[in-house]
Undergrad: 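Submitted below is the structure of interest, expressed as structure tokens.
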Number of protein chains: 2
Amino acid sequence: MWGKYYPILLYVLEKAGLFGNVKTSTVLLSKELNSTQQTISRKLIEMEKKKMIKRQLEANGLILSLDEKGRAYLKENYNALKKNFEKKNILLKGSVVSGIGEGKYYMSLPKYQKQFQQKLGFKPYSGTLNIKLKDRTQLLEFINNLNSVLINGFKTKKRTYGPIACYKIKVKDIEGAIAIPERTRHEENIIEVISPVYLRSYYNLKDNDILEVEK
Amino acid sequence: MWGKYYPILLYVLEKAGLFGNVKTSTVLLSKELNSTQQTISRKLIEMEKKKMIKRQLEANGLILSLDEKGRAYLKENYNALKKNFEKKNILLKGSVVSGIGEGKYYMSLPKYQKQFQQKLGFKPYSGTLNIKLKDRTQLLEFINNLNSVLINGFKTKKRTYGPIACYKIKVKDIEGAIAIPERTRHEENIIEVISPVYLRSYYNLKDNDILEVEK
DNA sequence: ATTACTATGTACCGAGTAA
DNA sequence: TTTACTCGGTACATAGTAA
């Protein structure tokens with residue numbers, strides 16, 4: 001409903017804060033927001049009428065600050081976004097499954113191993129623990145606000161090994177990482193967990209055991 | 001720049017989350033967003049082209065989810081808002097000043113006193129500690145994400161006593177509250193702090209002493 | 001039911017310009 | 001220099017309608 005005023009509101013918020021003010025001009029604003037002086041002028045007047053901003057004319061420009069409706073609108077937006085971005089997806093739940101030993105092979109490659117050690121801070125056990133999720137959406141949400149650790153790919157005479165994105169996690173008390181090859185099938189709902197110990201025996205895990213992974 | 005798509009993006013975020021999807025229809029959306037079926041249809045197509053959303057036609061409607069650009073745009077917005085709304089204004093700093101005894105008079109009124117006790121959980125000392133701030137902006141920022149405790153006004157035969165907004169705070173180790181009469185002068189940069197003890201003597205405060213108030 | 005095209009109407013933008 | 005008006009062209013929203 002006030003979408004067209006949103007860029008200006010954000011600008012004022014950015015420069016003035018919630019309760020401060022900013023000295024600017026319609027010309028300046030038009031340049032910063034890719035618009036024209038006339039359009040900005042008109043919108044500012046409209047926004048003032050709607051009590052979104054306060055406007056104070058000066059000799060060589062104007063002073064802007066947020067007004068109650070503007071603050072309320074921004075806060076409303078903030079809350080809506082917050083609800084979704086701050087979801088505390090501390091846990092990722094799935095069941096233990098057996099892999100086909102593929103992970104073990106990759107773990108054994110020195111060029112990967114070295115990077116794991118350097119970038120994750122641990123030397124992974126030569127195998128992965130496979131965890132089957134209900135669907136991939138869980139994973140995307142889980143890693144959404146985690147920082148990825150990128151393991152670079154490399155080439156040999158025989159073939160190319162792609163990059164791997166890792167996300168540091170914990171399995172119970174043991175540190176580890178989810179490893180996602182860049183060229184993975186995106187429908188896949190099985191994740192591979194690497195860790196310095198052989199998790200399967202360390203925690204006596206069997207297939208179909210429910211397991212939770214922490215951030 | 002994408003302001004006109006913002007309401008739809010928020011809708012999808014709200015209903016589907018960042019990675020989920022929502023079954024809806026252009027008719028439904030038009031009603032919820034105060035628009036028309038045709039406009040929604042067109043915008044959804046545009047948004048799909050811009051990779052803001054994913055669109056999947058069904059027999060009796062369509063399935064929507066956020067796409068990469070949509071998520072990125074929302075997150076960008078979120079971060080901009082977060083910066084300003086999550087400012088940790090834990091401290092409010094000012095200097096001790098002498099009041100004209102006005103606060104003391106109001107504190108002594110039983111109708112106010114009773115409410116202070118009930119709503120704030122302490123019986124205020126019969127006087128206020130006045131703290132002078134640099135400017136009122138500080139105060140507005142400080143109380144922005146605090147909940148106000150409203151002390152109701154009342155009438156006597158002689159005059160009317162207005163409502164008072166209170167914000168629970170702490171002065172060093174002592175609990176207290178900032179009391180702001182509703183009909184206060186908004187340029188005023190002096191706040192009145194009430195507390196169960198006589199703060200001035202408890203902490204041996206003198207005029208011009210710098211004091212910090214905590215949330 | 002739906003979605004989405006085409007045609008029409010309107011509101012918005014921006015150039016020109018006054019103050 | 002500013003801001004903000006008037007006015008004309010266009011881009012956008014809506015109605016009608018096809019699929």
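All chains are named by letter (A, B, ...) in the order of the sequence lines, taking the proteins before the strands, and each is independently numbered beginning at 1.
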Undergrad: With B:F85, which residues qualify under ring-ring contact (aromatic ring centres under 6.0 Å, His included), at least two apart?
TA: A:Y78

Undergrad: Sort and list the pairs that fulfil side-chain hydrogen bond (donor to acceptor under 3.5 Å, both in side chains) and have at least one residue in residues 57-71 of chain B, not counting sequence neighbours.
TA: B:K23-B:N60

Undergrad: If we only count heavy atoms from C-beta on, is the A:F142 to A:V213 side-chain gap below 4.5 Å?
TA: yes

Undergrad: May I have the distance from A:Q56 (atom CD) to D:dT3 (atom P), rounded to whole angstrom?
TA: 13 Å

Undergrad: Of the residues in residues 29-51 of chain A, which ones touch DNA chain C at a heavy-atom distance under 4.0 Å?
TA: A:S35, A:T36, A:Q38, A:T39, A:R42, A:K43

Undergrad: Can you sort out which residues in residues 57-65 of chain A have a heavy atom within less than 4.0 Å of DNA chain C? Ascending by number, please.
TA: none

Undergrad: List the atom pairs, with distances to 0.1 Å, where a side-chain N or O of residues 146-160 of chain B and a protein N or O form a donor-acceptor pair under 3.5 Å, not counting sequence neighbours.
TA:
{"unit_1": "B:T156", "atom_1": "OG1", "unit_2": "B:K158", "atom_2": "N", "d": "3.2"}
{"unit_1": "B:T156", "atom_1": "OG1", "unit_2": "B:R159", "atom_2": "N", "d": "3.1"}
{"unit_1": "B:T156", "atom_1": "OG1", "unit_2": "B:R159", "atom_2": "O", "d": "3.2"}

Undergrad: List the residues meeting side-chain hydrogen bond (donor to acceptor under 3.5 Å, both in side chains) with A:K83, not counting sequence neighbours, and say none if there are none.
TA: B:E14

Undergrad: Could you check whether any side-chain heavy atom of A:V22 comes within less than 4.5 Å of a side-chain heavy atom of A:I63, counting everything from C-beta outward?
TA: no

Undergrad: With sequence neighbours left out, what residues match B:D209 under salt bridge (charged side-chain N to carboxylate O under 4.0 Å, His left out)?
TA: none

Undergrad: Please enumerate all residues that pass salt bridge (charged side-chain N to carboxylate O under 4.0 Å, His left out) together with B:R183, with sequence neighbours excluded.
TA: none

Undergrad: Counting C-beta onward and ignoring hydrogens, is there a side-chain heavy-atom pair between A:T137 and A:L139 closer than 4.5 Å?
TA: no

Undergrad: By side-chain hydrogen bond (donor to acceptor under 3.5 Å, both in side chains), which residues pair with B:T26, not counting sequence neighbours?
TA: B:Q37

Undergrad: Between the opening five pairs and the closing five pairs of the helix from C:dT2-D:dA19 to C:dA19-D:dT2, how far apart are the helix axes, to 10°?
TA: 40°

Undergrad: Can you sort out the partners of B:Y125 under ring-ring contact (aromatic ring centres under 6.0 Å, His included), two or more places apart, ordered by chain and number?
TA: B:Y198

Undergrad: Do we see a donor-acceptor contact under 3.5 Å between the side chains of A:E46 and A:Y5?
TA: yes

Undergrad: I need the NZ-P distance between B:K4 and D:dT14, as an integer number of Å.
TA: 13 Å

Undergrad: Does the cation-pi check pass for B:K111 over B:Y161, that is, NZ or CZ under 6.0 Å from the six-membered ring centre and within 45° of its axis?
TA: no

Undergrad: Anything under 4.0 Å to a heavy atom of chain A counts; send over the first and last such nucleotide of DNA chain C, read 5' to 3'.
TA: C:dC12 to C:dG16

